[in-house]
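As structure tokens, the structure follows; a few thoughts come after it.
Counting starts at 1 for both ligands and their atoms, in listed order. Since the structure is predicted, the reported quantities are computational estimates derived from the model, not experimental observations.
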Amino acid sequence: MYRSFKRTMNAAKKPKKIANRISKRCFRNKTTTISAKILVSGGVNKEKHGLNRLPPEVKNIIYKALPLNADRACLALTCKDQAAAYEALKTEKNKKGYDHIVPKRLTEIHRLQLLVRLKVDMPRSHRLCYSCVQFIDIKDPDNAGQWGGSEVRVSGGKATKQAMIEGPRCPLCISAKQLENAKHKDTYKKYLALADKVDLKK
Ligand SMILES: [Zn+2]
């Protein structure tokens, strides 16, 4: 009984994933946050790196000079000390003194900029889909199938709207696109009904 229930649930997982892609309900775009749990665990060895010995004001100047949120997040990910400086800077309400404009509203492009930077450090089992903007576990049977798009077109860390169209896209995104283009609108509507109910305004 349980086994057949589990099978049914698993079978429903894939259409749901496709539905979430059609209605673009995969995730919300948020500024990268380094969990406080990570910051307090272990401890920070300040002596290891010259950059960490700098006073907080200088660290802030460095962070503010970086062009993108994604660049700041990447520096934060290098060590706990940097992560702490990054989180402290984020608490500043007025975004003054930045060399480049800090976006007020975050989009999937900002998310892509970060994921493109993390790509090299990801295990081979996870491939970046430029369409749904997430790392896809290629070993998960739900995600099996042929990928579309081109790795070459997005070489050199391209992370633009154009890259989202031309870059590699996962089999689920391909299915979603096919359904969107399908003449059978009934099937399309059935899929949409499966999408997670997420209030994006929250
Ligand atoms: Zn995808």
Next on the checklist: Please check this pair: side chain of K90 against backbone of T32, looking for a donor-acceptor N/O pair closer than 3.5 Å.
Outcome noted: yes

Checklist outcome for this item: Students should find that the hydrophobic cluster of W147, defined by side-chain heavy atoms under 4.5 Å apart, otherwise consists of I136, I138

Checklist entry - Do R111 and Q134 have side-chain heavy atoms sitting under 4.5 Å apart? => result yes

Checklist entry - Taking C-beta and beyond as the side chain, do L51 and T78 meet within less than 4.5 Å on heavy atoms? => result no

Checklist entry - Sorted by chain and residue number, which protein N/O/S atoms are under 2.8 Å from the Zn ion (ligand 1)? => result C129 SG, C132 SG, C170 SG, C173 SG

Checklist entry - Excluding sequence neighbours, so at least two apart, what forms salt bridge (Lys or Arg N to Asp or Glu O under 4.0 Å) with R117? => result D71

Checklist entry - Of all residues at least two apart in sequence or in a different chain, which pass the side-chain hydrogen bond (donor to acceptor under 3.5 Å, both in side chains) check with R127? => result E151

